[in-house]
Amino acid sequence: MSSPPVQQKEGSATSASPSTDTKPKKKICCACPETKKLRDECIVQHGEDACAKWIEAHKICLRSEGFNV
């Protein structure tokens, strides 16, 4: 009877370890506010097609914070 709980604990510990190494410290909405603001203002004023450099800059920032975008 004691074996299943031990197996569950081992399985959960194994699956939790890799995610803690790359888990972002912030929510995605709160990360990179500077690039987010520039990206959003550019899109509103000029449209998405004209703002590729700001969009990419924001993605780079998010990746540096640990997000997979």
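What you see is a predicted model; the values in this text were computed from it and never measured.
Between the SG atom in Cys30 and the NZ atom in Lys36 there is a gap of 7.5 Å [rounded to 0.5 Å]. Taking CH2 from Trp54 and CD from Glu48, the interatomic distance works out to 16.0 Å, rounded to the nearest 0.5 Å. Once rounded to the nearest 0.5 Å, the distance linking NZ of Lys27 with CD of Glu65 reads 15.5 Å. Here the CD1-CD1 distance, from Ile55 to Ile60, works out to 12.0 Å after rounding to the nearest 0.5 Å. We find the NE2-SG distance between His58 and Cys42 to be 13.0 Å, quoted to the nearest 0.5 Å.
The two residues Cys32 and Leu62 have their closest heavy-atom pair at SG-N, 3.6 Å. Closest approach of Cys51 and Ile43 over heavy atoms only: SG-N, 3.5 Å.
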